[in-house]
Amino acid sequence: MQYNHQEIEKNWQKFWAENQTFKAENHSEKPKYYVLDMFPYPSGAGLHVGHPLGYIASDIYARYKRHKGFNVLHPQGYDSFGLPAEQYAIQTGQHPAKTTEENIKTYRRQLDQIGFSFDWSREVRTSSPEYYKWTQWIFIQLFNSWYNKDTDKAEDIAGLEKIFKKEGNTTVNAACDEDIVSFSSDEWKAFTKTKQEEILLNYRLTFLSDTEVNWCPALGTVLANDEIVNGVSERGSHPVIRKKMTQWSMRISAYAQRLLDGLEKIDWPQPLKDSQTNWIGRSQGAMVSFDVATGDEKTTSEVKLSYKELEALKELRQNLSKAETTLWYELKNKKGASKFRKKYTIGTFLVDYVCLAKNIIVEFSGKEEEAARTAYFTKEGFNIVRFTDQEILKNVLGVVSKINAAIQFSKPVEKTELAVVAKKENQYKIGVFTTRPDTIFGVSFMTLAPEHELVAKITTDAQKAEVENYIKATSKRSERDRMADVKTISGAFTGAFAIHPFSGDKVQIWIGDYVLAGYGTGAVMAVPCGDQRDFDFAKKFGIPIPNIFENVDISEEAHSGKDGTKIANSDFLSGLKYKKALKLSIFELEKRGFGYGKINYRLRDAVFSRQRYWGEPFPVYYKDGMPQMIDEKHLPIVLPEVRNYLPTEDGKPPLGNATEWAWDSRGKKVVSIEKLKNKTVFPLELNTMPGWAGSSWYFNRYMDATNSEEFASKESMEYWQDVDLYIGGSEHATGHLLYARFWQKFLFDKGIVPVDEFAKKLINQGMILGTSAFVYKATAFVKNGCAIDKSNDDVIEKIPTVFVSKNVFNSDDEFETVVKEYLLDNKLLDPNFADLVMITKTAIHADVSLVNSSDELDVDAFKNHALNADFINAEFILEDGKYEVSREVEKMSKSKYNVVNPDDIVAEYGADALRLFEMFLGPLEQTKPWKTSGISGVSSFLKKLWKLYFNEETFEVSDDKATKEELKVLHKTIKKVQEDIENFSFNTSVSTFMIAVNDLTALKCKKREILEPLLVLLSPYAPHITEELYSKLGHIESISTVDFPVFDAKHLIESSKNYPISFNGKMRFTLDLSLDLSKDEIEKAVLENERTIAQLEGNAPKKVIIVPGKIVNIVS
RNA sequence: GCUGAAGUGGUGGAAUUGGUAGACACGCUGGACUUAAAAUCCAGUGGUCAGUAAUGGCCGUGCGGGUUCAAGUCCCGCCUUCAGUACCA
């Protein structure tokens, strides 16, 4: 009987669908296993053979886990909001919902015919209101939360309001905007409601802010950093410019450290983790404040402690008395309080505790010179609180509350006024972030970003023109130019100087576009001897380059290494190595109040608004300009209909075209914009959410996909917990996978999900590349500079398009000769003009469907191809009557005409063959070119397998006892296949199946004892054929949950081994020896062998190495 | 520049802990079946040298060193390709 894949596959796909074979239960005795694919965006092009690669791998694993007795969740759905559908809508006027629906149908049909074991009852679509209801709901949760750095988690915003009411914002340690003014509880209470909301927005995890965004004019929307590749948009490669806009943002930066830490406990590929680490970009350093010089500087003469004294101080800090420890413990753990430091030097005095932010000194009473201390501290602007040992040991909480009171009512001392006066003449400070505060004595100038707000204020009149010109010139350069051209060094001197905080030296302040406005403070302290960019800048503008490294030559380039180098010419840092110098420099900065240690992250808050139609609407309306959340019980807020999908005439997003898009706060529903006149009707948000909104939590939804009451039920999340295996492309490393981890951590903080990492293990499947086909087209030109009577066009016009087969020529010159000869022979070129004509070669893509496996082009089909209308009359120069194309491996894409559609493969060879072949191509993680030629191998394997169960036309499997040899083949296969699946090495197990079938065919094995377990082994890979044969063996149930065969080592025990006999490590021959032999017996047997004697040529062996069961090596 | 991955026949790739390099498959060559083709089956297939042949010698996992009885695998130094990232202070 013939193996008819079409019929078999159709039947079983129907069987699975009707019997809901792969439906997962939320309650089960079995252990759970959750296998997930990154869900696809349903594009109009449908699937190409690259898409199913990961799906096939995960499907094999899911099916394997079912055989192993797991309750497997293996769902699929669609990331169905997105730009392409909307771009298509703009072009054709078709509603994106309609095209999306159609595309999904195609995807579903294509996925079904490959035989995936998806539980379709749990399908999700991010664009369906039942789904995005919960995306909106999560948005509201984010809006109603703030990040408490003390508890290190997200908390309810109501809690923050309570604190504000009680004690203002000074004790709050939150992830928030940098420039927040502090206020007391009274001030808070006095603020208007709008003002309060404005302040709260600075703390919320999703917030509105004016930010510099990446605006893409061609797409009419902003883009996130990860949606920009090489300065242009990822989708469509349109230019992107910087623009300031009011946007929703997500405070992902609050989670920077936890996102970094979390990487350690998840089993994800190292390169992926590395790129997330890189993207988060943690750098440890210090913030340093430089005063801008006013002209009459006097160098500060501070008391400086020697290094030895500092070391002594450090020790003192570690050996506290009991009372000291008790108080320190309380101060340290005082929630939300300002930071206290212990054993700190103020001037020449050592104080017990100090809070620099609040100017409070806490001391034990009874110190020497108490009066002098008080006088000095007061002069410096500190409040002093003194306690005795007894007070603390008796009632430490009382002491703490006294300290709190002192902080809260910290009466401004007279000094404050002095400070203000002092500040007036010295009003500007430049803050910089540096990772190398140890090199601070190497600072010889500072550079500000051209956009820095101080530039206008500090530039001297003399330099004004130059600076303004420079700013103008740089702002013209696009982001892309700036990135492409890193080599050009440019800048301008502001004429102003800064005061070096330690040396008091005046250093020049420059502006330069190598400093980015968006990173750190937008200013750098330039250390030309230690940083190449600073070095180049200094060289170019003739700024001094002081050397602060011991025995390092910096005449040619900066010295950026840190290990092993000692600092020199640096006052108290001289003679120290990097690590110590770094610590000491930060310590000194803090002590003297010029700066503090800080950790900076490159990761920036994610812009969450898109000026597009086809995305989730925000559940937000505006009252007095302040955003208001719509109560969750009114969700979902459904995407309204619009007249067209373009921005409105006055530049509002497409939702501005909607007529039904206002919120009736009394009727609690969306109403017509005409009702906006009413006092209780408000405008709704016009932006929509970005593509990553829906994909940041969908894995949780699958656990309980049809729940209309909740995001997912507590029980279902308790049961499924997290994804055990997640498979998808590495292109999502810094987009989807980072945002999804962020949301998961947030949801975990809020007690909504049970785990804070959503995927235990992740595998990146490699890309499948296309094998493009090229044809060589000849283009004729007339050489310049030759005067002839006839118009040049005439000569060219007669020449048809000519294509030349690949092997007809070896060089461009030869190409020209061949074409010219051809034209002359065919009278297509007048011999008189032959010398005037120049022929050049152009390689153009030919559709791969027109090329057979021997690289021969179907010339007629090519001429008549829809895209080749220009070539309908083209001439072809053939070789041996055939036209051969050249091949090149490229990314599979429509524009390269190298896309292979799985539908064709399935129709011709079947889904099982496609599944096997995609796995057989090579390791899952590796990128590999698609070459259809190899598919005949797996196809004939399936036919051979089929034949094992048949005797000509009749199905024939016997119940005879299997032979030792047959059992060995089976168990070898069980062992290898099981190991391979567990190691995700699917390509090698396909080979193993081939070997098994070849062996069993040779043994003429027709026994159920062997052939039935073989089907179970193969069923994850080729589910249709195995179901069919399994049912022919007399089973009614599906093969999908049959126990995986158990490996029994006893079948593999050998009595002898074919030993490789090596001489000096080179294998010369093999020798069959019993495995019972001892080392000595082996040696004897080998040395007696005539071939050994022949090899040795009479020499005595120096040494004989015997590894029993493995190898014999003779050293001579 | 930085980070990561990878270099094995004509091709995709295999080689689990250092122990017979090239499994399995494609392609190619020859043969069988056929009027012929397709399909199927059989044999051969890393290079090179010697031999009519059986067979045997030498070379061989990007390059150069090293460790070891033994290296595709481990160590040191380079080269190339691909991917990600890029003035991050």
Side-chain angles (χ1 to χ4, degrees), chain A residues 229-230 269-275 277-279 281-283 285 432-436 439 446-447 482-483 485-489 512-516 518-527 530-534 536-537 560 600-603 730-731 733-734 764 766-767 769 771 853-854 887 889 916-917 920-923 925-938 940-941 943-944 947 976 979-980 983 985 987-995 998 1058-1070 1094 1101-1107 1109-1116:
Chain A
V229 177
N230 296 328
Q270 199 54 42
L272 195 159
K273 287 189 187 181
D274 289 345
S275 63
T277 306
N278 209 327
W279 193 262
R282 181 187 201 269
S283 50
V432 298
F433 175 73
T434 174
T435 54
R436 296 293 302 272
T439 63
M446 301 189 72
T447 317
R482 248 170 98 160
M483 288 205 305
D485 173 27
V486 193
K487 299 250 154 59
T488 315
I489 299 153
D513 69 358
Y514 80 96
V515 177
L516 304 176
Y519 184 73
T521 61
V524 300
M525 55 174 233
V527 183
D531 182 288
Q532 195 57 42
R533 289 156 308 168
D534 295 342
D536 296 340
F537 196 88
S560 55
N600 235 19
Y601 299 93
R602 197 174 73 113
L603 182 72
S730 55
E731 67 273 20
T734 49
N764 285 132
M767 222 188 335
L769 303 170
T771 316
S853 59
S854 311
R887 293 285 201 167
V889 172
L916 284 167
F917 183 57
F920 189 61
L921 275 177
E925 299 93 330
Q926 229 168 69
T927 49
K928 51 216 163 245
W930 177 269
K931 272 220 201 138
T932 317
S933 48
I935 202 163
S936 61
V938 291
S940 59
F941 156 75
K943 284 181 204 158
K944 269 192 221 163
K947 272 195 196 158
K976 176 81 173 134
E979 281 169 6
D980 283 348
N983 292 319
S985 171
N987 55 328
T988 49
S989 39
V990 178
S991 305
T992 307
F993 289 128
M994 289 176 172
I995 294 167
N998 288 348
N1058 194 20
Y1059 277 95
I1061 312 298
S1062 309
F1063 292 81
N1064 297 323
K1066 289 189 177 103
M1067 205 279 288
R1068 283 291 106 101
F1069 60 89
T1070 59
K1102 274 198 195 123
K1103 203 172 171 188
V1104 179
I1105 283 127
I1106 292 161
V1107 184
K1110 275 237 162 104
I1111 197 173
V1112 176
N1113 189 20
I1114 298 163
V1115 188
S1116 59

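Every chain is numbered from 1 and lettered A, B, ... according to where its sequence line falls, protein lines coming before strand lines.
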- Task: Give me the ring orientation class for A/W930 and A/F917: parallel if the planes are under 30° apart, tilted from 30 to 60°, perpendicular past 60°.
- Result: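 Judged by the thresholds at 30° and 60°, the geometry between A/W930 and A/F917 is perpendicular.
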
The side chain of [X] is closest to which nucleotide in this list: [options]?
X: A/K1103; options: B/rC69, B/rU85, B/rU16; answer: B/rC69
X: A/L516; options: B/rA14, B/rG19, B/rA89; answer: B/rA89
X: A/W279; options: B/rU16, B/rA39, B/rA86; answer: B/rA86
X: A/I995; options: B/rA25, B/rA23, B/rU20; answer: B/rA23
X: A/M1067; options: B/rA21, B/rG12, B/rC87; answer: B/rA21
X: A/M994; options: B/rC59, B/rA25, B/rU85; answer: B/rA25
X: A/D513; options: B/rC69, B/rC87, B/rU40; answer: B/rC87

Name the nucleic acid region contacted by [X], choosing base, sugar-phosphate or nothing; use a 4.0 angstrom heavy-atom cut-off, strictly under.
X: A/D274; value: sugar-phosphate
X: A/E925; value: nothing
X: A/V1115; value: sugar-phosphate
X: A/T434; value: sugar-phosphate
X: A/T277; value: nothing
X: A/K273; value: nothing
X: A/R1068; value: sugar-phosphate
X: A/N600; value: nothing

Does [X] reach the main-chain N or O of [Y] with its side chain, forming a donor-acceptor pair under 3.5 Å?
X: A/Y1059; Y: A/G1109; value: yes
X: A/D980; Y: A/S989; value: yes
X: A/N1113; Y: A/G1065; value: yes
X: A/D531; Y: A/V527; value: no

Pairing check on [N]: which nucleotide meets the Watson-Crick or G-U wobble criteria with it, both distances under 3.5 Å?
N: B/rG1; value: B/rU85
N: B/rC78; value: B/rG62
N: B/rU40; value: B/rA32
N: B/rC26; value: B/rG10
N: B/rA70; value: none
N: B/rU16; value: none

Measuring only the [atom1] atom in each nucleotide, how far is [N] from [M]? A whole number of Å is fine.
N: B/rG46; M: B/rG72; atom1: C1'; value: 15 Å
N: B/rG62; M: B/rU81; atom1: C1'; value: 10 Å
N: B/rC79; M: B/rC26; atom1: C1'; value: 31 Å
N: B/rG77; M: B/rA86; atom1: P; value: 29 Å
N: B/rC82; M: B/rU73; atom1: P; value: 24 Å
N: B/rG7; M: B/rC78; atom1: C1'; value: 14 Å
N: B/rG22; M: B/rG56; atom1: P; value: 16 Å
N: B/rA53; M: B/rU48; atom1: P; value: 16 Å

[X] side chain N/O closer than 4.0 Å to the phosphate oxygens (OP1, OP2) of [N]?
X: A/N998; N: B/rA25; value: yes
X: A/Q270; N: B/rU3; value: no
X: A/K1102; N: B/rC69; value: no
X: A/R533; N: B/rC88; value: yes
X: A/N987; N: B/rA14; value: yes

Do you know the tightest heavy-atom contact between A/V1104 and A/V1112?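 Taking every non-hydrogen atom into account, CG1-CG1, 4.3 Å.
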
* To do: Grab the two heavy atoms, one from A/V938 and one from A/M994, that are nearest each other, plus how far apart they are.
  =>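 That closest heavy-atom pairing would be CG1-CE, 3.6 Å.
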
Measure [atom1]/[X] against [atom2]/[N] and give the value in whole Å, please.
X: A/K931; N: B/rG12; atom1: NZ; atom2: P; result: 6 Å
X: A/Q532; N: B/rC2; atom1: CD; atom2: P; result: 12 Å
X: A/D980; N: B/rA23; atom1: CG; atom2: C1'; result: 13 Å

Are side-chain N/O atoms of A/D274 and A/Q270 paired as donor and acceptor at under 3.5 Å?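 On atom types as modelled, these side chains qualify, holding a pair under 3.5 Å.
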
| said: Pick the closest RNA chain B nucleotide for A/I1105 and for A/K976 by heavy atoms, then say which residue is nearer the 5' end. | reply: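 This one resolves to A/K976.
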
Any idea if B/rG4 is syn or anti, going by the 90°-from-0 cut?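 Base orientation relative to the sugar is anti.
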
